[in-house]
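A quick write-up on the structure given underneath.
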Amino acid sequence: MSEFVDDPNKLLLGSSLFGETWASLLHSSLHENQLLFEALQGIKLDTEFTPSRLGRQMESVATLTKTKDTRGVDRDFFHVRMGFFDTCSDLTDNFAELMTELNV
């Protein structure tokens with residue numbers, strides 16, 4: 001993809017501090033994105049995750065965790081979300097269903 005932005009960036013280089021900063025950040029972002037894409041291609045997980053929303057999020061976390069060496073990080077912070085804890089009506093059944101999904 002870099003070849004598509006090289007020509008416009010040549011026009012920006014030296015034109016202004018903003019143009020140089022933009023071009024530099026764009027190239028850096030494209031390079032890091034390519035490295036992550038390549039790292040993710042070879043990842044094989046040992047765990048099977050449920051097809052639920054939470055399961056897909058946890059699979060993404062596990063996949064990214066396996067790329068930590070390639071990404072050069074010592075630790076990560078991930079945020080996953082599981083909603084629908086407003087169990088004002090039918091607390092027993094709704095809460096039990098939520099815990100079943102969480103424990104799978």
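Just so you know, these numbers use all the heavy atoms, side chains as well, and skip hydrogens, waters and symmetry mates.
Judged as a side-chain contact (heavy atoms from CB on, under 4.5 Å), and not counting sequence neighbours, the contacts of Phe18 are Ser16. Remark: Ser60 engages no residue in a side-chain contact (heavy atoms from CB on, under 4.5 Å) (not counting sequence neighbours). Remark: Thr63 pairs with Leu40, Ile43, Leu45, Glu59 by the side-chain contact (heavy atoms from CB on, under 4.5 Å) rule, at least two apart or across chains.
No continuous path of ILVMFWY side-chain contacts below 4.5 Å connects Leu36 to Leu25, so the two sit in separate hydrophobic clusters. Placement of Phe37 and Val73 in two distinct hydrophobic clusters is found when ILVMFWY residues are connected by side-chain heavy-atom separations under 4.5 Å, directly or transitively.
From Arg71, atom CZ reaches atom CG of Leu35 across 11.5 Å, with rounding to the nearest 0.5 Å. Atom-to-atom distance recorded for Asn33:CG and Glu38:CD is 10.0 Å, nearest 0.5 angstrom.
The closest donor-acceptor contact from the side chain of Thr67 to the backbone of Leu64 lies under 3.5 Å.
Other residues, nucleotides and ligands contribute more than 12 heavy atoms inside 6.0 Å of the CD atom of Gln41.
The shortest non-hydrogen separation linking Phe49 to Gly55 is CB-O, 3.6 Å. A pairwise comparison of heavy atoms in Lys68 and Asp76 identifies CB-OD2, 4.4 Å as the closest pair.
Residues Gln57 and Arg81 are in side-chain contact: their nearest non-hydrogen atoms beyond the backbone lie under 4.5 Å apart.
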